[in-house]
> 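Just passing along the structure, written as structure tokens.
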Amino acid sequence: MGEEDTVTVDQNSCDGSSTLPPPPELSSKVLTLPTVLTLGRVAAVPILVATFYVDCWWGRTATTSLFIAAAITDWLDGYIARKMRLGSAFGAFLDPVADKLMVAATLILLCTKPMDAIVLGPVPWLVTVPSIAIIGREITMSAVREWAASQNGKLSKAVAVNSLGKWKTATQMIALTIMLASRDSSFERLLPSGIGLLYVSAGLSIWSLVVYMRQIMRVLLKK
């Protein structure tokens with residue numbers, strides 16, 4: 001999501017079955033408005049961590065509000081970059097980094113301070129398992145994209161962001177928002193739906209990883 005969307009291509013393009021549109025022009029400026037919004041998400045991560053461990057109603061509210069604001073700016077910076085043509089190379093690099101930092105930090109926080117045992121029962125690993133799958137997928141894809149960028153253009157296109165990755169990100173944001181909000185007793189009934197969506201997100205993460213790997217194999221086998 002975000003400025004990263006400006007470099008998205010159709011996954012069918014890696015086999016030459018469709019015509020690629022011309023790449024969007026990138027701004028020469030480093031600190032464009034979308035990039036400032038992205039930097040704000042990065043700066044919000046330590047504040048999110050601090051408020052998470054404030055054991056009172058305003059700490060829980062602040063944590064959830066920060067995460068929601070980060071999710072909104074994740075969409076907003078990409079929208080502004082496309083509509084106002086303010087995309088930049090630095091922003092395209094920083095946007096996925098900010099997303100991964102926010103999501104990984106939130107997942108780790110939820111694992112280190114589990115929900116009410118009455119809700120989770122005898123399965124404290126319920127959040128840990130999808131968290132490992134999601135974070136592991138992100139680390140793997142970061143390494144794969146870096147390797148693909150050092151090879152050739154076709155490999156880079158094979159690992160460009162697709163619609164499946166966007167659905168994965170959307171379900172992650174919704175699931176984590178619900179789980180953070182569920183720490184407040186007023187919303188604790190929503191926790192099962194949040195955990196369910198987290199597993200859906202983990203499934204989409206693994207599925208998208210398999211899709212990317214298959215596209216890479218097609219490119220390599222055509223050499």
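Count residues from 1 along the sequence. Reckoned from all heavy atoms, side chains included, excluding hydrogens, waters and symmetry mates.
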> How would you list, by chain and number, every residue that makes a side-chain contact (heavy atoms from CB on, under 4.5 Å) with M84, sequence neighbours excluded?
I80, L86

> Just verifying a value: how many Å separate T106 OG1 and M179 CE, rounded to the nearest 0.5 Å?
10.5 Å

> Taking only residues two or more places apart in sequence, or in another chain, which ones meet W167 in a side-chain contact (heavy atoms from CB on, under 4.5 Å)?
L204

> Quick one: salt bridge (Lys or Arg N to Asp or Glu O under 4.0 Å) pairs with a partner in residues 206-216, sequence neighbours left out?
none

> Distance check, rounded to the nearest 0.5 Å: T64 atom OG1 versus D184 atom CG?
8.0 Å

> State whether the side chain of R41 and the backbone N or O of A71 hold a donor-acceptor pair below 3.5 Å, judged by distance alone.
no

> Do I206 and I134 sit in the same hydrophobic cluster, where Ile, Leu, Val, Met, Phe, Trp and Tyr count as joined when their side-chain heavy atoms come under 4.5 Å apart?
no

> How close do A175 and G194 get, counting heavy atoms only, and between which atoms?
CB-O, 3.5 Å

> Under the side chain to side chain donor-acceptor pair (under 3.5 Å) test, which residues partner S205, sequence neighbours left out?
none

> Do L164 and W207 pass the side-chain contact (heavy atoms from CB on, under 4.5 Å) test, and can you show the C-alpha distance, the side-chain angles, and the key distance before you say yes or no?
CA-CA 8 Å; L164 186 58; W207 184 14; 3.8 Å; yes

> Determine the minimum heavy-atom distance between V127 and S131, stating which atoms define it.
O-OG, 2.7 Å

> Through direct or indirect side-chain contacts below 4.5 angstrom among Ile, Leu, Val, Met, Phe, Trp and Tyr, which residues connect to I68?
I72

> Carefully, step by step, assess T35 and T32 under the rule side-chain hydrogen bond (donor to acceptor under 3.5 Å, both in side chains).
CA-CA 5 Å; T35 304; T32 61; 3.0 Å; yes

> Drop me the distance from D99's CG to T38's OG1, to the nearest 0.5 angstrom.
8.0 Å

> Give the other cluster members for I178, using side-chain heavy-atom distances under 4.5 Å between Ile, Leu, Val, Met, Phe, Trp and Tyr residues; answer none if it is isolated.
I174, F187, L190, L197

> Which pairs count as salt bridge (Lys or Arg N to Asp or Glu O under 4.0 Å) when at least one residue sits in residues 60-69, sequence neighbours excluded?
D55-R60

> Hydrophobic cluster membership, with links at side-chain heavy-atom distances under 4.5 Å among I/L/V/M/F/W/Y: are I139 and I132 in one?
no

> Quick one: does T63's side chain have a donor or acceptor within less than 3.5 Å of a partner on F52's backbone?
yes

> From D95 CG over to D77 CG, what is the distance, rounded to the nearest 0.5 angstrom?
5.0 Å

> Go through the steps for L198 and T171 under the test side-chain contact (heavy atoms from CB on, under 4.5 Å), then give the verdict.
CA-CA 7 Å; L198 189 65; T171 54; over 6 Å; no

> Test of understanding: with side-chain contact (heavy atoms from CB on, under 4.5 Å), list the residues that count as partners of V45, not counting sequence neighbours.
L101, M102, A105

> Give, for atom CD1 of I108 and atom CD1 of I135, the distance between the pair rounded to the nearest 0.5 Å.
4.5 Å

> Mind checking who shares a hydrophobic cluster with W57, ILVMFWY linked at side-chain heavy-atom distances under 4.5 Å?
V54, W58

> Which residue pairs pass the salt bridge (Lys or Arg N to Asp or Glu O under 4.0 Å) test with at least one member in residues 129-139, sequence neighbours excluded?
K100-E138, E138-K168

> Kindly say whether L126 contributes a backbone atom to a donor-acceptor pair with the side chain of Y199 at under 3.5 angstrom?
yes

> Among all residues two or more places apart in sequence or in another chain, which pass the side chain to side chain donor-acceptor pair (under 3.5 Å) test with Y53?
T112

> Decide yes or no on side-chain contact (heavy atoms from CB on, under 4.5 Å) for L191 and R183, but give the supporting numbers first.
CA-CA 8 Å; L191 182 59; R183 296 169 63 235; over 6 Å; no

> Could you go through T128 and L107, starting from their C-alpha distance and side-chain angles, then the distance that decides it, and tell me whether this counts as side-chain contact (heavy atoms from CB on, under 4.5 Å)?
CA-CA 8 Å; T128 306; L107 287 169; over 6 Å; no

> Just jot down the side-chain contact (heavy atoms from CB on, under 4.5 Å) partners of F93, sequence neighbours excluded, or say none.
F90, V97

> Return the CG to CG distance between L37 and L94, rounded to the nearest 0.5 Å.
11.0 Å

> Between V210 and W147, is there a shared hydrophobic cluster once you connect ILVMFWY residues whose side-chain heavy atoms come closer than 4.5 Å?
no

> Does the side chain of L48 reach to within under 4.5 Å of the side chain of L109, using non-hydrogen atoms?
yes

